[in-house]
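Please read the structure below before turning to the comments.
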Amino acid sequence: MPPSKPPTKPPLSSLISTHDFAAAFPLAVPAKTVAFVTSAATDSLTCAANKEAYASITLRPRILRDVSGPIALSTTLLAHPVRSPIYAAPTSMGRTVHPEGEREIARGCVAAGVAIVVSTSASFAVREVLDVVGGRVPAFFQLYVDRDRHKSETVLREAVGAGVKGVWVTVDAPVIGKREADERAPLDEVEVTTPMSGAQAVRDAAGGGLGRIMGKYVDASLAWGDVAWLRGCLPRGMPVVLKGIQTAMDAVAAMGAGVEGIVVSNHGGRSLDTSPATILVLLELQRCCPQIFDRMEVFVDGGIMRGTDVFKALCLGAKGVGIGRGTLYGLGYGEEGVKKYIEILNDELETTMRMCGVTSLDELHPGLLNTRAVDHLIPSTVDEEHPFAKWRPSKL
Ligand SMILES: Cc1cc2nc3c(=O)[nH]c(=O)nc-3n(C[C@H](O)[C@H](O)[C@H](O)COP(=O)(O)O)c2cc1C
Ligand SMILES: CCCCCCC(=O)C(=O)O
């Protein structure tokens with residue numbers, strides 16, 4: 001028998017859904033990269049729940065509403081115009097996927113007219129990524145706070161100097177989640193550089209988990225009082241967003257801390273397994289603390305694979321939706337892949353909107369959804385006795 005040829009990745013033109021991209025990814029990148037990107041914490045239950053919860057919420061389409069006109073997807077994120085509410089969530093070590101890593105993601109975002117959030121653990125310095133962006137789409141900086149605060153202050157100065165429009169502090173990963181597939185896959189297949197964090201990719205006794213090894217610098221002592229420290233590092237008026245809110249209590253606390261935005265996120269299920277699906281947390285915020293949507297911008301990420309998912313998140317008050325793994329699946333095909341991935345979601349979102357009888361994002365509201373199948377999973381109140389529920393900035 002002739003030796004079997006290794007499968008080659010299908011041409012980009014043949015991919016018509018985000019699932020096609022996910023299936024092609026292992027054919028486009030080394031096995032270690034697949035393990036790093038696709039893995040999730042322990043039993044991957046939250047990673048799966050993020051997707052399943054979207055499937056459990058159904059649509060309530062309205063009919064006969066003349067949806068023949070153009071669909072307007074353009075909006076603003078933190079007052080910056082974008083062509084679509086979909087954005088590239090921060091992802092680290094993009095060079096494990098493509099030699100140009102985050103710079104190539106940035107090219108794809110510019111081509112699609114959407115925002116990018118650049119990770120502290122990006123493969124390139126923030127200025128190298130923003131040089132590519134050239135101010136054509138908003139770029140935000142995601143901060144992992146270093147135990148050595150001076151290092152974080154330096155990196156923040158660089159990010160501000162490079163022209164980022166806001167800082168997104170990740171708060172759902174005081175330690176890095178246990179991702180067993182990543183831990184088992186040998187480290188030596190990929191080139192890892194994270195110039196802003198300075199971490200070194202050296203295997204240790206626990207294994208080769210890229211996330212864990214490269215995340216040892218993260219400061220687990222971060223607390224609410226540090227919002228004031230962060231503000232002090234930034235120019236007046238620069239928005240601060242907390243990424244990784246998972247309860248109404250913490251959403252209310254974030255509002256009390258005076259931040260401009262939150263990301264409802266569980267890190268794509270990569271941090272704490274069995275934490276709730278993000279769309280259910282968004283529903284919890286609508287039920288328990290609807291006032292926060294008027295006071296801050298609320299973003300969401302995790303498990304978004306279809307235009308109907310984006311639609312549901314927007315109906316529940318999200319101002320923007322982040323794509324993590326999907327951006328990297330697109331990156332397997334370079335700039336064109338990132339652009340196409342976003343455009344597939346835009347296109348599906350447009351179709352969903354027409355089918356539901358709306359032509360603009362302003363017309364989306366919770367009444368277009370049926371959430372009965374998940375209502376029993378939603379806590380009904382903020383715990384008013386909890387000290388966080390009453391916090392105001394003066395108490396920080
Ligand atoms: C490979 C990879 C690297 C990531 N790196 C970061 C990071 O550096 N900072 C961060 O806040 N979140 C990071 N995330 C989490 C994403 O920002 C996002 O919350 C998550 O991927 C959303 O879920 P999804 O992958 O299902 O879209 C990373 C996710 C992946 C898959
Ligand atoms: C602290 C950052 C190092 C790697 C982890 C990046 C990340 O957030 C993820 O993989 O998820």
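Counting convention: from 1, in listed order, for ligands and their atoms alike. Predicted model, so just to flag it, every value in this text is computed and none were measured.
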Within the structure, does Arg179 bring an N/O atom to less than 3.5 angstrom of an N/O atom in ligand 2?
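Yes, at least one N or O pair falls under 3.5 Å.
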
May I ask you to check if ligand 2 and Arg270 share an N or O to N or O distance below 3.5 Å?
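Between Arg270 and ligand 2, an N or O pair is found under 3.5 Å apart.
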
Walk me through it: do Arg287 and Asp375 pass the test side-chain contact (heavy atoms from CB on, under 4.5 Å)?
CA-CA 10 Å; Arg287 299 272 159 81; Asp375 280 346; 3.1 Å; yes

Is the closest side-chain heavy-atom distance between Val264 and Gln246 below 4.5 Å?
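No, their side chains stay 4.5 Å or more apart.
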
Residue pair Met355 / Pro61, side-chain heavy-atom distance below 4.5 Å:
no

Below the 3.5 angstrom mark, is there an N/O of Gly303, backbone or side chain, next to an N/O of ligand 1?
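Among all N and O atoms of Gly303, at least one is under 3.5 Å from an N or O of ligand 1.
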
Short N/O distance, under 3.5 Å, between Gly324 and ligand 1?
yes

Residues in salt bridge (Lys or Arg N to Asp or Glu O under 4.0 Å) contact with Arg203, at least two apart in sequence or another chain:
none

Could you list which atoms of ligand 1 come closer than 4.0 Å to a heavy atom of [X]?
X      : value
Ser119 : 7 (C), 8 (O)
Leu328 : 1 (C)
Ala89  : 17 (O)

Less than 4.0 Å is my threshold; does some heavy atom of Lys216 fall inside it relative to ligand 2?
no

Non-hydrogen atoms of Ala173 versus ligand 2: any pair closer than 4.0 Å?
no

Of the listed options [options], closest to [atom] (non-hydrogen atoms):
atom                    : options                : answer
atom 9 (N) of ligand 1  : Trp168, Phe36, Tyr144  : Tyr144
atom 15 (C) of ligand 1 : His267, Arg270, Arg179 : His267
atom 28 (C) of ligand 1 : Ser197, Gly268, Pro90  : Pro90

Thr194 and Tyr217: side chain donor to acceptor below 3.5 Å
no

Heavy-atom gap Ser265 to ligand 1 smaller than 4.0 Å:
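True for this residue.
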
Ligand 2-proximal atoms of Ile176, by part, heavy-atom distance under 4.0 Å:
side chain

Give me each pair satisfying ring pair (Phe, Tyr, Trp, His ring centres under 6.0 Å) with a member in residues 167-214, each pair once, sequence neighbours excluded.
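Sorted result for residues 167-214: Tyr87-Trp168, Phe140-Trp168, Trp168-Phe299.
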
